[in-house]
**Student:** 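Below: one structure in structure tokens.
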Amino acid sequence: LTPHNDTDSAPDAILGSLKHPRMTGIPAGTSPYAAAPPFQQPTPLCSFSFDEQRRLWQDDRCKRFYRGPPAYTNRHPVQTRAPAVFGADLNYAMDRYVQRDESMPEHLDALVAALQHRTETASAEVRDEVDQERRRAGVVTWRGIITKICTAYEQSASARFADPLDLNAMMVDGTLYLEEHVSASARAEKQRKEADAAMKRFGYYGYAFESYCTVDDAAQVSHARSNDGEPEGWSGDVNTNVQWCCVVKTKLGSNRLIIGGEVDAVLPSHHGREEMVELKTSMQITSAHRNAAKAAVEQERFEKKLLKFFLQSYLLGIGKIVVGFRDFHGLLTTHQEFETLRIPRMVRAGHPVPGQFDAGGQPVLRERSVWEPKDTLGFGDQILSFIRDVVSKHTASSPPADDVDGKIEHAVFRVTFHAPFEHVEIRALSQSE
Ligand code: A3P
Ligand code: MG
Ligand code: MG
């Protein structure tokens with residue numbers, strides 16, 4: 001079902017264009033959306049795994065269980081400035097880091113395969129339910145795509161950090177399938193980043209944190225940590241081919257969604273349902289006692305990052321986010337658990353800013369929100385409806401043509417978010433491209 005067409009140029013006429021709300025003349029600092037669109041609690045439909053060789057399995061063999069990082073009892077061999085003690089060393093086993101070959105585009109294949117439940121074990125009822133949900137869905141895509149669409153709302157303000165975003169879109173039986181189109185220039189930029197030793201190291205830290213925090217068997221969660229010559233808590237070397245993914249159904253505003261995304265771990269539950277956990281690493285925040293100005297800048301930077309953490313988890317129904325804070329050398333100094341649903345309140349106007357107190361020792365309250373979920377979610381709902389409208393109109397006017405093999409060719413559209421993001425444009429990609 002994925003567009004096989006992979007060109008960068010899209011010379012065809014623009015079929016639709018939508019301005020960023022900021023480009024429509026609304027005053028700065030005001031919200032274009034009165035309220036957040038209704039969001040339905042995501043319900044799991046199915047799950048699948050990728051193994052060490054990137055083979056796809058319609059089962060949970062790569063699911064991980066959250067145990068938490070090892071204790072903060074390591075001491076620096078040489079007396080340095082604080083912290084005096086630290087936890088896991090996230091540099092461990094970097095020489096054995098196996099990275100997935102991302103030059104192989106995977107499109108929506110794994111997600112579509114999961115929805116087609118090519119598994120012998122699924123019961124007839126489960127198959128029927130998944131079929132029915134797939135037919136009812138307005139949009140089928142990866143969770144990361146919805147996150148990118150929603151966060152594009154925040155991008156027009158800071159052009160320096162704006163990422164261009166190109167999507168391929170295809171309408172099949174009334175359901176919009178969306179995948180990212182990685183342009184040649186975006187791919188070159190990605191390869192440049194991957195070749196950068198520091199970027200590779202920071203990327204590794206995130207996965208090393210996952211190894212320290214998780215185990216592959218629920219029974220091991222409460223067991224003592226073994227360490228056969230390995231650091232305490234280490235559960236195996238990093239191979240980014242390995243993933244466990246969940247597919248959920250949900251509804252954002254008027255858009256019924258089926259989205260798939262990686263889930264880092266689950267908390268073993270005693271009452272049936274397991275709670276999903278997202279793991280993140282971040283640079284530690286300077287203590288406000290040591291340097292108040294620096295602390296404030298770092299705190300704000302972290303809170304901006306929380307938008308991505310929040311959306312990524314909220315969209316799949318992941319209830320808990322555990323952030324591991326590390327120092328510049330990759331040593332874990334602390335970790336903090338966040339309830340996904342409480343994050344918007346933390347960054348909202350009127351809420352105390354962590355670590356900041358006035359002359360009288362009272363907490364400093366925020367004057368304005370760092371971000372508002374209603375803006376990014378409202379924007380995501382608006383863009384998804386816009387893409388569905390334009391693509392469905394132009395798909396209906398050019399019904400799929402049977403090609404020589406009798407295979408049905410559906411029209412493919414390119415959705416372009418320009419950076420800095422001022423408007424989104426939709427064009428048709430001609431079949432010859
Ligand atoms: P951190 O989250 O600790 O940064 P995810 O958090 O989505 O489960 O991803 C796991 C790790 O993959 C990340 O750890 C990071 O190291 C790496 N990663 C994810 N998205 C990335 C991106 N867009 N660019 C670079 N690295 C990324
Ligand atoms: Mg992950
Ligand atoms: Mg993660």
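When a ligand or atom number is given, it counts from 1 through the structure's own listing order. Reckoned from all heavy atoms, side chains included, excluding hydrogens, waters and symmetry mates.
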**Student:** Protein N, O or S atoms at less than 2.8 Å from the Mg ion (ligand 3), how many?
**Tutor:** 3

**Student:** Looking at the rings of W234 and Y212, which for Trp means the six-membered one, are their centres under 6.0 Å apart?
**Tutor:** yes

**Student:** Under a 3.5 Å cutoff, is there a donor and acceptor pairing between the side chains of S31 and D375?
**Tutor:** yes

**Student:** Could you tell me how the ring of H423 sits relative to the ring of H418: parallel (under 30°), tilted (30 to 60°) or perpendicular (over 60°)?
**Tutor:** tilted

**Student:** Side chains of T286 and N291: do they bring a donor and an acceptor to under 3.5 Å?
**Tutor:** no

**Student:** Are Y204 and T281 packed together at the side-chain level, in the sense that at least one heavy-atom pair is separated by less than 4.5 angstrom?
**Tutor:** no

**Student:** Less than 4.5 Å apart, side chain to side chain, heavy atoms only: is that true for T214 and L279?
**Tutor:** yes

**Student:** Taking non-hydrogen atoms within less than 4.0 Å of ligand 1, which protein residues qualify?
**Tutor:** G203, G206, Y207, E210, E262, D264, E278, L279, K280, T281, Q312

**Student:** Under the criterion side chain to side chain donor-acceptor pair (under 3.5 Å), I'd like the reasoning laid out for D381 against N255: C-alpha separation, chi angles, the key distance, then a yes or no.
**Tutor:** CA-CA 7 Å; D381 178 31; N255 293 285; 2.8 Å; yes

**Student:** For F310, run the side chain to side chain contact (heavy atoms under 4.5 Å, CB included) check against V347, T340, T376 and tell me which one passes.
**Tutor:** T340

**Student:** Among I258, T250, I318, which one satisfies side chain to side chain contact (heavy atoms under 4.5 Å, CB included) with P42?
**Tutor:** T250

